[in-house]
There are 2 protein chains.
Amino acid sequence: MKKTKKVRQSELIKKIEDNPFVTDDELAKFFDVSVQTIRLDRMELSIPELRERIKSVAEQTFEDEVRSLPIDEVIGEIIDVELDDYAISIFDVQKEHVFQRNSIARGHHLFAQANSLAVALINDDLALTAKAAIEFCKPVHSGQRVVSKARAVRTDGRRTTVEVTSSVGKEVVFKGEFEMYRSSEKGGE
Amino acid sequence: MKKTKKVRQSELIKKIEDNPFVTDDELAKFFDVSVQTIRLDRMELSIPELRERIKSVAEQTFEDEVRSLPIDEVIGEIIDVELDDYAISIFDVQKEHVFQRNSIARGHHLFAQANSLAVALINDDLALTAKAAIEFCKPVHSGQRVVSKARAVRTDGRRTTVEVTSSVGKEVVFKGEFEMYRSSEKGGE
DNA sequence: CTACTATTAGTACCAAGTGTTAGTATCGGA
DNA sequence: TCCGATACTAACACTTGGTACTAATAGTAG
């Protein structure tokens with residue numbers, strides 16, 4: 001027994017959401033109805049054709065002008081940011097971030113905090129780190145809170161230099177100069 | 001005067017990279033040549049047709065949706081090490097290591113691989129990174145395998161300089177010079 | 001002049017559709 | 001039982017943005 005129209009249509013929605021790359025033909029075979037029926041269903045549900053679906057998915061990535069980075073991709077928590085100017089984040093060092101032997105935070109976590117802060121600072125949807133010169137000034141231990149401050153010091157075309165200083169209390173634990181590369185020139189999104 | 005074939009083709013590459021949504025027809029008008037010429041150019045440069053371009057852009061975004069994970073403890077797998085001399089590790093870039101937007105590996109993962117390799121290289125139970133100068137030479141994408149090679153280039157008291165080069169295939173993607181600090185002088189484990 | 005390259009033109013074909021019209025099947029109700 | 005609505009299928013013409021191929025032409029170098 002074939003599914004009813006209602007059932008088919010609601011499954012169709014899921015099917016297409018799940019995989020927008022599916023053609024009417026494939027759907028017709030899947031639901032064992034004619035291609036025309038699928039087309040009618042799409043009409044009724046106002047689901048655009050394959051190419052339009054794909055295009056809109058592609059456009060999202062490509063033309064989305066919003067900000068550099070979804071917030072959940074940042075290591076540490078950003079507490080203040082003024083794009084292309086400065087940004088601040090905090091990062092609480094936990095047991096999983098330290099060496100078992102000496103409970104000193106592993107360098108790459110401090111680097112990651114600073115690096116993602118530098119990325120988040122750049123007002124562009126494609127920001128990459130080109131170079132960095134960093135210094136680990138003092139060991140950081142489990143339980144400490146690292147406050148990282150980033151400041152864009154100069155921009156030359158697509159390259160922006162960001163200075164990052166991380167501290168625990170008043171003590172500087174990490175310093176870094178990041179040369180960031182952006183996809184378009186400053187302001188010219 | 002029309003541009004030469006070479007000039008046109010190199011501009012064509014940029015044009016399409018800049019906006020993959022452009023049709024042959026638009027390109028033909030832009031360069032004031034026939035559509036066939038544009039097609040021949042694409043053939044020679046093996047640039048896929050509009051739909052394929054859009055599709056691949058869409059596929060990238062779609063595949064990377066809904067994924068974001070905290071960084072792991074194990075950064076790469078060490079496959080060879082000669083203490084205080086050299087070390088090699090491999091790191092397979094997965095979806096969770098890249099930016100959702102553009103599928104480029106986030107810098108701190110490459111740093112983490114290199115940094116932990118430098119740490120592992122030092123024949124001491126307290127090895128810390130003091131400074132580092134790093135360079136991200138080429139973007140790394142999901143699915144690629146990064147091979148990192150570290151070599152101790154000089155030791156001065158408690159400080160050892162380690163040079164790390166990471167490659168995907170034959171292409172260098174990351175270079176770094178790490179100044180490592182150890183708790184005791186060389187040989188004193 | 002000939003050989004060769006670059007370019008243009010034209011044809012047939014394809015995928016994955018749209019839009020339209022027409023025909024069939026089936027069920028529910030007066 | 002017949003009527004009509006709903007669902008489905010079919011057929012045809014047309015669209016976009018191409019591929020693949022062939023043929024013709026213009027210009028230039030040897």
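Proteins come first, then strands; the chains are lettered A, B, ... in the order of their sequence lines, and each starts at number 1.
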**OP:** Validate the cation-pi geometry between A:K55 and B:F21: distance from NZ or CZ to the six-membered ring centre under 6.0 Å, angle to the ring axis within 45°.
**Re:** no
**OP:** Answer yes or no on whether A:K149 is positioned over the face of A:Y86, meaning its NZ or CZ is under 6.0 Å from the six-membered ring centre and within 45° of the axis.
**Re:** no
Starting from [atom2] on [N], measure out to [atom1] on [X] and report it in whole angstrom.
X	N	atom1	atom2	answer
A:L40	C:dA22	CG	P	16 Å
A:I47	C:dT18	CD1	C1'	16 Å
A:D41	C:dT18	CG	C1'	16 Å
A:M43	C:dT21	CE	C1'	15 Å
A:I54	C:dG17	CD1	P	9 Å
B:D25	C:dA9	CG	P	13 Å
B:K5	C:dC4	NZ	P	16 Å

Original post:
Is any side-chain N or O of B:T37 closer than 4.0 Å to OP1 or OP2 of C:dT8?
Top reply: yes
Original post:
Looking at B:R8, does any N or O in its side chain come under 4.0 Å of the phosphate oxygens OP1/OP2 on C:dT7?
Top reply: yes
**OP:** For A:V35, answer base if it contacts any base atom (sugar-phosphate contacts may also be present), sugar-phosphate if it contacts only those atoms, and nothing otherwise; contact means non-hydrogen atoms under 4.0 Å.
**Re:** nothing
**OP:** Name the nucleic acid region contacted by A:R42, choosing base, sugar-phosphate or nothing; use a 4.0 angstrom heavy-atom cut-off, strictly under.
**Re:** sugar-phosphate
Original post:
What distance do B:E179 atom CD and B:L128 atom CG have between them, rounded to the nearest 0.5 Å?
Top reply: 12.5 Å
Subject >> Nearest-neighbour nucleotide for the A:R39 side chain, C:dG17, C:dT7, C:dA16 considered >> reply: C:dG17
**OP:** Please determine, for the side chain of A:D24, which listed nucleotide (C:dG17, C:dA9, C:dA6) has the closest atom?
**Re:** C:dG17
**OP:** Compute the centroid of each ring, for B:H97 and then for B:H109, and state whether the two points are separated by less than 6.0 Å.
**Re:** yes
Original post:
Donor-acceptor pair, A:S56 side chain versus A:R53 backbone, under 3.5 Å?
Top reply: yes
**OP:** Between B:E44 and B:R51, just flag the one whose closest nucleotide in DNA chain C comes earlier from the 5' side.
**Re:** B:E44
Original post:
Taking for each residue the nucleotide of DNA chain C bearing the nearest heavy atom, is the 5' side occupied by A:Q36 or by A:V22?
Top reply: A:V22
Subject >> A:K131 side chain reached by A:F178 side chain, heavy atoms, under 4.5 Å >> reply: no
**OP:** Walking along DNA chain D from 5' to 3', note the first and the last nucleotide with an atom under 4.0 Å from a heavy atom of chain A, and give both.
**Re:** D:dA7 to D:dA11
Original post:
Do A:T160 and A:R154 get their side chains close enough for a donor-acceptor pair, meaning under 3.5 Å?
Top reply: no
